Student: 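Sharing a structure, written as structure tokens. Questions coming.
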Amino acid sequence: MVTINVAVLLAVIVFFRLRRRTEARSRFDEKVTVIIVIALGVLIAPTPVGQGILNILGQLASGVTQASR
């Protein structure tokens with residue numbers, strides 16, 4: 001039996017949806033993509049990978065803030 005991680009499946013869906021040209025997307029298509037990306041973020045956030053991404057983005061934001069002073 002093959003099991004598929006939902007986060008991986010959503011990441012693949014987002015990848016293929018974002019590869020399409022912007023001109024070919026309708027408003028509804030863009031809204032569906034945003035909902036899928038938010039769902040992916042919610043699934044990834046509590047994992048160690050999500051925490052690592054959060055730490056990296058926090059350090060980046062802190063660096064940008066300190067550089068602007």
Side-chain angles (χ1 to χ4, degrees):
M1 177 179 231
V2 176
T3 58
I4 298 176
N5 188 344
V6 176
V8 173
L9 180 62
L10 283 176
V12 170
I13 291 170
V14 167
F15 174 76
F16 283 112
R17 289 183 71 87
L18 293 179
R19 284 187 50 203
R20 294 176 41 201
R21 290 194 339 242
T22 304
E23 298 85 22
R25 296 184 194 148
S26 66
R27 285 192 183 270
F28 177 75
D29 194 29
E30 289 178 353
K31 289 178 184 177
V32 170
T33 302
V34 168
I35 291 169
I36 292 171
V37 169
I38 290 171
L40 178 62
V42 168
L43 289 173
I44 290 178
T47 64
V49 173
Q51 294 300 315
I53 293 170
L54 179 64
N55 288 338
I56 290 170
L57 291 177
Q59 290 175 0
L60 180 64
S62 175
V64 169
T65 303
Q66 290 177 357
S68 66
R69 290 184 185 173

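None of the values given here were measured: they were computed from a predicted structure.
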Student: For residues 54-67, which side-chain N or O atoms pair as donor and acceptor with protein atoms under 3.5 Å away, sequence neighbours left out?
Tutor:
unit_1 : atom_1 : unit_2 : atom_2 : d
N55    : ND2    : Q51    : O      : 3.4
T65    : OG1    : A61    : O      : 2.8

Student: Kindly work out whether a path of hydrophobic side-chain contacts (I/L/V/M/F/W/Y, heavy atoms less than 4.5 Å apart) joins V32 to L9.
Tutor: yes

Student: Test of understanding: with side chain to side chain contact (heavy atoms under 4.5 Å, CB included), list the residues that count as partners of R19, not counting sequence neighbours.
Tutor: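 Side chain to side chain contact (heavy atoms under 4.5 Å, CB included) check on R19 returns F15, F16.
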
Student: Are V34 and I13 connected into the same hydrophobic cluster when the rule is that any two of I, L, V, M, F, W, Y join if their side-chain heavy atoms are below 4.5 Å apart?
Tutor: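 No, I13 and V34 fall in different hydrophobic clusters.
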
Student: Using atom types as modelled, flag every donor-acceptor pair under 3.5 Å from a side chain in residues 39-47 to any protein atom, sequence neighbours excluded.
Tutor:
unit_1 : atom_1 : unit_2 : atom_2 : d
T47    : OG1    : I44    : O      : 2.5
T47    : OG1    : G50    : N      : 3.2

